[in-house]
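Data first, discussion second: the structure below is written as structure tokens.
Just so it is clear: chains get the letters A, B, ... in the order the sequence lines come, proteins before strands, and each one is counted from 1. Everything numeric in this text was worked out from a predicted model, so none of it was measured.
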Amino acid sequence: MAALLESLLLGKLGTSKALVWLKHKQSSKDQPSCEPLLQVQRQEFVSFLLNFLRDQSSHTLTHGPATPAKTPVSSRSAARSTRPSSDRGCRGGRGSAGGGTGSRGTSRVQLFSPAPSVSPLGGSQWEGSAAAASTPSRGELSGVSGVSSPSFSSVWSPAPRPLQADRRSTHRSSLGDFMTTSPPEMHPHSPAMATGQQQQQQQQQHHRGSGRRRSGGSAGGGRPTGGRGFQQDDSSASWERGARRGRGGRAGEAVSPPTQVTLNFNNLEDFPPVGASQHASPVLTKPSRRINPTPVHSERPHSKPTGCFTSTPLSTPCSPPTIPEGALFVGSPLGLQEEREMLRKEKSKLQQQICSPLKPATEPCTPTKPVRVDPTAAQDPQAPSPDPSKVTLTSELDLLAELYCTCISENLVPNVFLELFFVLQLLTCRSPPALEGEQDDGLCGSAQDLLERGYFRDVHNCVYFAVKVVENQFELVSHLDKCTVRLLAENERVGSFAPALKDRLALAQDTSTAKVSPSLPSFIHSVPFQPATDNRSNFSSDRAFHIFKKQRDIFYELLRDWEDFHKEPGWDFENALGNRIRAMVSLQTAAGNHAHFARLFQKQLVQMCKEPGARGSFGEAPDADVLSILGADGLSRLKRLQERLIQPQGFMGPCPPPSFPGHQEFFRDFLQSASCCQLNQHLKDGMCQELLLLDEVSILGAPAGGSGEEEEGDGDMDQQDEKQRFSSVLLVARLLAKFLGFISFLPYHTSDPPSKEIQEAAIALRSKSSPVLDVCAVLRSCVRRRRLVLTVPWLVEFLSMMDYTGPYLPCFRAALGSLLHLYRRMLLGRGAEVCYLNQLLLVAVLGWLFQIPVFPEDVVFSEELDFGEETLDSSQGLDSLPLVDQQLLYTCCPFLGELRKLLAAFVAGSTAKSGGLLRKITPTSAEPRDPPTTRSQQKLQMELEQAFFHNQPPSLKRTVEFVAERVSSNCVKHIKATLVSELVKGGERALREALAVDSANVAKLNDTICTQLCYKGMQALETATRFCSEKGPEAVRVLLPEETSPAVLSTSESITTRLATEKACTWLSSNITALIKREWKSVFDRVMKTLPSPPPPNPEVPAQTQAQTPTDTQRGGGGQTLGEKDCPPECTHKAPRASSVITDIKEVLSIAVGPRAEDECCTIQQLQALLDRAGETLQCRKFLSVVPEQMLVRCTIMLACRLVSGELPLAPPMDSAGIRGVLQQLVHLWGSSPLPSLPLHLLFASPTLTAVLTHTHTDNCQNFRVLVHLLLEEGLLGKEDVVTHWRSLLDLSWTMESIQKIQELSISSVPSASVSLPSHRDLLQISQ
Amino acid sequence: MRICRAEYKTIARYTDQLRPTRQCMKMLKEKFPNHSQSTLLSIFSLEYQKRTKRTISKHHAPDAIEAYYQRYLTEAKTRPSSPVLLEIANEVDLSPALLARLVVERFLQEQQSTAFSKQILNNMLREPSLIQDLPLANHVAQCTINDCCYGPLVDCIKHAIGQEHEVLLMDKLMEKNLSFLDENQLRAKGYDKTPDIILEVPIAVEGHVVHWIESKASFGDDHSHRTYLNEQFWSYWNRFGPGMVIYWYGFISELDCQRDRGILLKDCFPSDIVTLCPRMGQS
């Protein structure tokens, strides 16, 4: 490997040959001309090259401001595995946890993470489980020792790969061997050796814990992690701060022999996760495939690749004989003294790094105070700015760049964007340590030295190389978002190294046509209740129905609680909600409601999480006022601004582990706490179904022919819709796939990777049952139907959730191989059938997948599995449609934003360096362009519209959107066919007329007519509006169910009209001119060709295209006939309310029953007024229901009782006429309207009569008689009724006196009835 | 009428010493002349109910009932014309209507050893003349008529008020040509939770989208609002999205803090209503 590179560098081997070889397909074995090429596997060379570059730049990059600590940080795997238990640290931006340090650590890790994956050893180690990947790969050794010994073949001899468990023990036992023999262990007896050993062991442990990704860091050999980027919980963060503080000024110590110190470094800084990762890193027991001896020789490139790309010396012991001699001696020339020197340097670098600005954004001042530790490596605070003239080794760098670029272009690297990130890191690297590198320069005599030369020794070379690569990868770079491109274009280094590139970038930035469609963040967060699916008839029993009612409320309560509290320190999901969740879930087990709840859960998940980065919660909505100021068009900007303010420049690295941002966390934790297999099964069913539905969704492309420009223009509008639809489908599918994956692999998730035996047993066991999703079939189908752009991103999400064993199951293994194959074939810009951005998305997501912790590294650098060329369907697939835009790309791959952050951080750092201020966002108040009311009104209207659809059946919205889309499209077609063609005809006439007069000034004539036509063309908007207002409602009326209420119908019609009009007008206003011009041009050309022309045809009046007035839609509202029950026709419903009249009567009654004040009394007038009101109340039925009505009537009767009994104190001017008047009024009241039932028996009840009889007032009896008379007169009482009442009265015991009085009363009230009384009287007398 | 929490507390504290009688209501009105009578009554009623909930078990103890009953018998005999039952109620700080209920219940137990139904008891309270014992009937009537927080009359008034305001609300909606489904229609469709009103086409009130409206003919205090939130408002939100609650008799202004989350409080029918006018054009 190294030899190959050497021969290239020496010019022994033609670059072009190598490039051809690199580009050539895998199968090509016929490369007879170049011997080294024959011997080297392409992938191995790639991994070697990547390692080499990483290694070369390793020390340069440590000083960069944005360069995160270079460590084998276990961040990703650790973050991933620990997330389930507590993720709080990470919230608010994945990976940003722990502040700048942590995240930077991550990114550095990620920078180097590919190293391990490159490791062929890794490949070989794992290949047993995957029969396919049998590539012999001992590249790690080739990296290490092969340099000196070109006999690669022996190095790669595929030694029997130890089983995982074995391997671990092998590691241990072999470690010693290795130490004694291999370069890093050159001083077995020195104290440093002990250190080294420990170090190694720790590293080993560490690597075991962190997997391949960590090993990259060890390239830095014991550099501090500077944070792991994961779980930077407070303690570890503060620990780091402490560490930094503690070391800040210990410059002198650095010089001293770093025995103890070094150990500490490695314990605490480089490998703090050793302890921590016991909990944090699940990968802990994973046998390390690469022990990275501390690269004591930072300047010795041979050992570097080992560090970088993890090629572990592990296997060395297994096959000691195969180790080429050279490998053993590599380090030996270095003496102990030198070794110490190395260590010292390492240490000093470390310290510099610790003190170097770690948080460019959050600690803007740090870049200005680099702490100089090592006097020799003293760093000029004013770092040398890169200078093109100081670049050395230009031709070699060119060659390297070319090789590197080819690897990138050919997708030979495991992750294109990771490389881009690396390149940008090089571009933005800080002043490298002015190491004694110069002296190395002269030493490059031998082949070995060739690779040792410091190609990236100084910033000049780094930048030179980076700019070269960027230049080469211009197309890729120019497809990044505008901001990144701008930052790159404005980058001073790019400017000075490649002015032309700068200009191209500037241009690219201007032409960047990314359409960022501001989508209103959904503000409704609940799943609407739909009778069709949610009412009683959908449940097996009343109980189930009611339980689900409860569950729905509990579920939302949990959600609200989570929103309110989850960010509070010390809050723990399981503690706070676990029991409530399980109680709720167990309710549904009892009721068999899982299907219902799963549906709710899934819908709610989609509702809340479909928009990535959507607002954290409805409680923390962006300030309503701000929104109203900004208006709809400002929403997306605000969102971005908010993101930046909330999470300023937090680095998460170019390959963050899968995460559950925002509300997704709730849903994940919910499932974990619920741990309910029934629920999970239902969810799996539901999600799987939904996913496959989404996957099948048909997205229409531009009209198939795409022939005429005209058509193309039209297609634009439809494309927009389809693009949006695609985007929403894709995002939902990704979300569902992630959760489907989460649930499917949940049972197998372990915090640590299983041991080899366990894993193999698990593989054997699990490969028997079929997985929830037939990934391979889905993949094959999408390849066949050319729908990669939709299917692959969600498959990637699904697969990213795999547990450690998952990738080794045959089905997933095959799928991963296929994906790798796809990735390799997906050469950017060269897939004629696939749009560039579509490709970019696929490459980005796949590259990401290849970097996540569970992804088996052997796959990445294995020669991929080819699942054969599928026969492609003839039908048009999605891949060739321009469906992905930058917004979608960045939404799906937020890690692409890291590139921008890197560049921005550089800007921040560089200005700070030159005394300037950090580029800051200075909040300024927005100048509302329209009166704010309009804006907030607009926003409100949009919300209302959203709200309107919320509680309607989903079909309503679909119908409206569909109709609007079709109508607007038809509208445009219509206008083309009518208005435009009329206009052009008219223009043609005018042209001919004008030409007849004067054919000299044709060009001017052309312009004039064209301008006129375009001006007239503006009436198209008006026409379009008319067209849409006519056709839209018509169609909607036909399509909606007949039962739709008038209000809903008319609103739907109006929304349809608006949507259609808006769409049509938007398109027309931006395209009508072009359309007319185009049409006109063809007419003009035709006319000019046929000159001299026949006389113009008869003038035609352009028909007014659409003269119909829009039909009036029915006005909404007023469907109900409520309240108008039985009121008199002219009733104004102004009557007093029953409640108030009853209250007033109650007041009077309580005066009557006492206790009352001495002077409390009522006037006749008061009573009359009260009764008037009662009468009115009883007349108007609008507000009156049965119960109050009865009570009111009862109250008036009670009032009558108290009145005739004399209990009600009346004000002095009282006469019998007055009372009589009131009684008359009462009777009239009772008689005037048909009342339900008059409890008139109350009048004859004993308490009343007793009162009548006992109160001494003489008028009492009189009043009573009058009342009874009036009732009889009015017909409210029959004589028989009265007699009955009297009789029943006599059943009671009365005093003689009373009976007499009663009799008197009865006789006087019902003369004819008195006849029957005496007998009773006798009876009474007898009884007494 | 929005009342800040501090002021509400002042009023609530004052009601602590009051009894649910006409006279006490008068005192309350005089003390807080700036508040409407209905608001004050509603607050008093809420506070009194809380007080009752706290203490009712004490009064329901068998020996307490017995004591009340015996004392009533004695005093009714010695002072037949005095409002003895009412006096006892005020003295032991129990709602007169509730005391009347206890005593009638006890009386019925004594009268007929056979089991009596709740129905009979309720009827007797509603129509004391059904009570065989004339003095007791009078005393019961006195209690139920005077009580301004409990009793059949008050219950009916509350019921009427609630219903009237619902009608009022619908009336206002129709006045504004806003189309809606009422509770009965919703129930017929099988909705499991039904607010008073669901708007077929949502509106916006003071910048907040409103899907449903719940009418509460009472004052919104902390306790009742919390209960309503848990039992009703959030349930509505969970199903229908954001909505509005009208506390016709006012509420503690601090409670109106969930607007952004989708629950808006009002003390009257809003005047500032924005309707969906799709034709207006939006962007």
*What's the verdict on side chain to side chain contact (heavy atoms under 4.5 Å, CB included) for B:R261 and A:D564, showing C-alpha distance, side-chain angles and the deciding distance?*
CA-CA 11 Å; B:R261 246 189 171 179; A:D564 287 343; 2.8 Å; yes
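- In terms of heavy-atom pairs under 4.5 angstrom with chain B, the leader among A:L600, A:V1187, A:T1248 is A:V1187.
- For a residue to count as touching a neighbouring chain, one of its non-hydrogen atoms must lie under 4.5 Å from one of that chain's; by this rule B:S82 does not touch chain A.
- Relative ring orientation between A:Y556 and B:W237 is described as perpendicular, the plane-to-plane angle rising above 60° on a 0-90° scale split at 30° and 60°.
- To the nearest 0.5 Å, atom NZ of residue B:K193 and atom CG of residue A:D553 are 5.0 Å apart.
- For the pair B:W234/A:R560, a side-chain contact is recorded, criterion being any heavy-atom separation below 4.5 Å from C-beta on.
- For A:C1065, no part sits under 4.5 Å from any heavy atom of chain B, backbone or side chain.
- Minimum heavy-atom separation, A:L940 to B:H208: CD1-N, 4.2 Å.
- Two residues are said to be in side-chain contact when any heavy atoms from C-beta on lie closer than 4.5 Å; A:S1185 and B:H159 meet this criterion.
- A:K550 and B:E231 are not joined by a salt bridge, as no carboxylate oxygen comes within less than 4.0 angstrom of a charged side-chain nitrogen.
- The CZ atom of A:F1183 sits 5.0 Å away from the CG atom of B:L168 when rounded to the nearest 0.5 Å.
- For A:F555, no part sits under 4.5 Å from any heavy atom of chain B, backbone or side chain.
- Here the closest heavy-atom approach between residue B:C156 and residue A:M1191 is recorded as SG-CB, 3.2 Å.
- Contacts of A:R536 with chain B are made by backbone atoms alone, with heavy-atom separations under 4.5 Å and no side-chain atom involved.
- In terms of heavy-atom pairs under 4.5 angstrom with chain B, the leader among A:V1141, A:I1142, A:L1192 is A:I1142.
- Between B:D147 and A:K1146, none of the side-chain N atoms (NZ, or NE/NH1/NH2) sits under 4.0 Å from a carboxylate O, so this pair counts as no salt bridge.
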*Working for salt bridge (charged side-chain N to carboxylate O under 4.0 Å, His left out), residues B:K26 and A:E1160*: CA-CA 13 Å; B:K26 230 176 247 169; A:E1160 259 182 320; 3.2 Å; yes
_For a side chain to side chain contact (heavy atoms under 4.5 Å, CB included) check, start with the C-alpha distance between B:D192 and A:D534, then their side-chain angles and the critical distance, and finish with the verdict._
CA-CA 8 Å; B:D192 59 355; A:D534 295 337; over 6 Å; no
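- Without hydrogens or angle criteria, B:Q23 side chain to A:P1155 main chain gives a donor-acceptor distance under 3.5 Å.
- Under the 4.0 Å criterion applied to side-chain N and carboxylate O atoms, B:E164 and A:K1182 are not assigned as salt-bridge partners.
- When heavy atoms are compared at a cutoff of 4.5 Å, B:N138 approaches chain A solely by way of its side chain, counted from C-beta outward.
- With rounding to the nearest 0.5 angstrom, the CZ atom of A:F529 is 9.5 Å from the CG atom of B:L186.
- The parts of B:L153 that come within reach of chain A are both its backbone and its side chain, each placing non-hydrogen atoms under 4.5 angstrom from that chain.
- Between the side chain of B:Q142 and the backbone N or O of A:V1153 there is at least one donor-acceptor pair closer than 3.5 Å.
- Both the backbone and the side chain of B:I157 come within contact range of chain A, each with at least one heavy atom under 4.5 Å from a heavy atom of that chain.
- Contact between A:N951 and B:F240 at its shortest, heavy atoms only, is ND2-O, 3.0 Å.
- Heavy atoms closer than 4.5 Å to chain B are found in the side chain of A:H1241, but not in its backbone.
- The heavy-atom pair separating B:G190 from A:F545 by the smallest distance is O-CZ, 3.9 Å.
- Between the A:N535 side chain and the B:K189 main chain, a donor and an acceptor come within less than 3.5 Å of each other.
- A donor-acceptor distance shorter than 3.5 angstrom exists from the side chain of A:Q952 to the backbone of B:E200, with no hydrogens or angles considered.
- For the pair B:S129/A:L1242, a side-chain contact is recorded, criterion being any heavy-atom separation below 4.5 Å from C-beta on.
- Put simply, the side chain of A:Q941 gets close to the backbone of B:T275: a donor and an acceptor are under 3.5 Å apart.
- Shown here for A:L944 and B:A204, the closest heavy-atom pair between the two residues is CD2-N, 3.4 Å.
- With a 4.5 angstrom heavy-atom cutoff, B:R126 touches chain A via backbone and side-chain atoms both.
- With hydrogens and angles left out, the side-chain atoms of B:N146 and A:R1156 include no donor and acceptor closer than 3.5 Å.
- In this structure, A:I1151 and B:R22 have side chains that are in contact, with non-hydrogen atoms separated by less than 4.5 Å.
- With a 4.5 Å cut-off on side-chain heavy atoms, B:L276 and A:I1055 count as touching.
- Residue with the most contacts toward chain B among A:S1045, A:S1150, A:A1152: A:S1150 (heavy-atom pairs, distance under 4.5 Å).
- Residues B:R239 and A:H950 come closest through the heavy atom pair O-CE1, 4.0 Å.
- Under a 3.5 Å cut-off, the side chain of B:H211 and the backbone N or O of A:A947 do form a donor-acceptor pair.
- Counting heavy-atom pairs under 4.5 Å between each of A:M1198, A:R1194, A:H546 and chain B puts A:R1194 at the top.
- Among B:A160, B:P202, B:C148, B:P135, the residue making the largest number of heavy-atom pairs under 4.5 Å with chain A is B:P202.
- For the set B:A217, B:G207, B:A137, the entry with the most heavy-atom pairs within less than 4.5 Å of chain A is B:G207.
- If you measure heavy-atom distances from B:L41 to chain A, you find no contacts under 4.5 Å at all.
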